[in-house]
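Read the numbers this way: they start at 1 and go in the same order the structure lists the ligands and their atoms.
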Amino acid sequence: MKILLVGSGGREHAIAWKISQSPKLEKLFIAPGNAGTKSIGTNVEISDTDIDALKNFALAREIDLTIVGPEAPLALGIVDVFVETGLSIFGPTASAARLESSKSFAKDVMKKWNIPTASYKAFQDPEKAHAYLENLNYFPTVLKADGLASGKGVYICQHKSEALSALQDIMVSKVFGDAGTTLVIEEFLEGWELSAFAFTDGESISDLVAACDYKRVGEGDTGPNTGGMGAFSPPRIWDQNLKDQIRDLVIKPIVEAMRTDHEPFVGTIFAGMMITETGPKVVEFNCRLGDPETQVILPLLGNDILEIFESCVNRRLNSVKVDWRKDASVAVVLASGGYPSAYSTGYPIDGLTLGGDSVNIFHAGTKLDEEGKIITNGGRVLAVNALAPDINQAADVVYENIREITFRNMYYRADVAK
Ligand code: AMP
Ligand code: GLY
């Protein structure tokens, strides 16, 4: 098969790496890719949101299947455009991707289908939101921009004054642009946070896999939120009972809700979950694989990933048994110092040699300079992953391998999976 993979992060390098193991693969293109994907396929200089150019490329190269990594092209309707053109593509339509691109849409679906989540109210009028907050007596409370905000649109407010200032940011100053036209105010959930993933063809769902993500930049979960500084799988509280609960209370009903009331959701459903004292509750849905969760879960996947993608697109996922290995997997992100605020790039990276068969280095913000040397090219630069029989061993192997890698201003959290 000729495959086009859309995206350029660590998630996409991990997907490309997994695709490269498939006996079905004839040729792999990545748009736009990074230095890591370039070593296993052909990078194509097209932005992941330039849908027309991607479509024209897929037509010209007779691509058999396109796989979309990030949320932005999905929300822009890449799947709708490809399907109208007769091209095969793995991912949800823009309408189905509203589960991620509109938090109020996701909340309304969850409410109608009794999917456990934080109680909430949505506002389009800043004055009404203001009046509601003035009368609110429960803190912390959570304010969210409705639309896509690169993981930055969530404010956990400890006091009324913080909530009013978050309202000002989101709805009045519009720091997230139109994503803040609608505001969601919701109950603060306490518990263990984890991300649960399943592949779906719109009707059947695969066996679930879960990971924990480190969102804050600083050790001990301090500092601003990032795209994710590390991850591990399985979560320490993950067992058959919890998996069954999340499947039956969350994943099955959301897939059924989308098929019945909206458009079938085909792709990867990603449920951000809080495991509270009263059971699992949804924090958010995403319409894609997570980054850096993908860098820990794909090394655990026992199947040919192209067979899974194809069976979802052809609505016959029930013919494939998705097999997640029982090992533990850890990934630590190496970032450019300063991330998620301002940082510099263009620094050479040394020490990219693997210490063992169960170790992977997934590239994110990397590229080749004119001499063919790998240099930094983003906030999150690399993720080092290792598999082992338990989480502590896997974390030790990751940190041993990190010692070999150097680039100027390199920063990472030393407490991932600890
Ligand atoms: P999101 O962008 O929706 O993933 O939110 C970012 C992070 O904010 C989540 O991963 C949670 O850690 C936190 N968060 C979001 N909503 C809630 C909530 N209702 N209660 C507690 N924490 C939340
Ligand atoms: N790591 C969180 C996300 O991909 O949204």
Side-chain angles (χ1 to χ4, degrees), residues 7 9-12 14-15 68-72 74-75 97 99-107 110 115-122 138-158 163 166 170 176 179-180 183-197 210-217 221-233 235 267-278 280-298 331-333 335 340 362 364 379-380 383 413 416:
R11 164 183 49 211
E12 285 74 28
I15 298 172
V68 188
E71 61 277 19
L74 294 168
L99 277 184
E100 175 165 5
S101 65
S102 169
K103 291 189 192 290
S104 57
F105 171 81
K107 282 293 199 183
M110 285 189 267
I115 297 173
T117 187
S119 56
Y120 73 103
K121 279 202 172 308
Y138 295 98
F139 289 92
T141 195
V142 184
L143 271 68
K144 299 182 173 182
D146 185 62
L148 295 181
S150 312
K152 293 181 193 130
V154 174
Y155 291 68
I156 314 258
C157 305
Q158 304 295 336
I170 296 172
F176 309 108
L183 172 76
V184 172
I185 302 181
E186 67 177 40
E187 171 199 6
F188 177 77
L189 299 173
E190 250 174 302
W192 286 93
E193 198 172 353
L194 61 82
S195 311
F197 299 89
C212 292
D213 178 20
Y214 287 75
K215 289 184 198 293
R216 301 292 199 93
V217 74
D221 290 332
T222 53
N225 265 336
T226 67
M229 295 298 293
F232 66 90
S233 176
T268 311
I269 184 88
F270 165 170
M273 301 294 311
M274 196 71 84
I275 313 308
T276 72
E277 271 182 359
T278 55
K281 293 190 178 174
V282 177
V283 174
E284 60 166 357
F285 282 115
N286 295 318
C287 60
R288 53 175 172 85
L289 281 160
D291 187 342
E293 290 95 327
T294 304
Q295 294 88 308
V296 296
I297 64 172
L298 288 193
V332 175
V333 169
F362 295 120
R380 293 190 290 176
R413 278 183 65 163
V416 172

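Between the side chain of T117 and the backbone N or O of V282, at least one donor-acceptor pair lies under 3.5 Å. At distances below 3.5 Å, at least one donor-acceptor pair connects side-chain atoms of T276 with backbone N or O atoms of T278.
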Where do I297 and L289 land on the side chain to side chain contact (heavy atoms under 4.5 Å, CB included) test, with the steps shown first? CA-CA 10 Å; I297 64 172; L289 281 160; 3.8 Å; yes

Decide side chain to side chain contact (heavy atoms under 4.5 Å, CB included) for L99 and F105; before the verdict, give the C-alpha distance in whole Å, the side-chain angles of both, and the deciding distance to 0.1 Å. CA-CA 6 Å; L99 277 184; F105 171 81; 4.0 Å; yes

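Of the N or O atoms in E284, one or more lie within a sub-3.5 Å distance of an N or O in ligand 1. Geometrically, ligand 1 and I156 share no nitrogen or oxygen pair separated by less than 3.5 Å. Between G228 and ligand 2, not a single N/O pair is under 3.5 Å apart. Inclusion of D291 in the set of residues having an N or O under 3.5 Å from an N or O of ligand 2 is warranted.
Short contacts between ligand 2 and G227, defined as distances under 4.0 Å to a heavy atom of the residue, involve ligand atoms 1 (N), 2 (C).
Aromatic ring pairs are classed by plane angle as parallel below 30°, tilted from 30° to 60° and perpendicular above 60°; the pair F176 and Y155 is perpendicular.
Taking all atoms of both residues into account, the shortest heavy-atom contact from P235 to A210 is CD-O, 3.5 Å. Closest approach of R11 and Q295 over heavy atoms only: N-NE2, 3.4 Å.
Of the protein's non-hydrogen atoms, E193 OE2, 3.2 Å is the one closest to atom 11 (C) of ligand 1. When only non-hydrogen protein atoms are considered, atom 2 (C) of ligand 2 lies nearest to D213 OD2, 3.3 Å.
Using a 4.0 Å cut-off between charged side-chain N and carboxylate O, K103 and E186 make no salt bridge.
In this structure, K144 has a heavy atom closer than 4.0 Å to ligand 1. At least one heavy atom of G290 sits less than 4.0 Å from an atom of ligand 2. Residue-ligand proximity: R288 is placed with a non-hydrogen atom under 4.0 Å from ligand 2. Residue contact annotation: K103 has a non-hydrogen atom under 4.0 Å from ligand 1.
Contact annotation: for L189 versus ligand 1, heavy atoms closer than 4.0 Å belong to both the backbone and the side chain. Only the side chain of E293 comes within 4.0 Å of ligand 2, counting heavy atoms alone; its backbone N, CA, C and O stay farther away.
Looking only at side-chain heavy atoms (C-beta outward), E187 and T141 stay at 4.5 Å or farther from each other.
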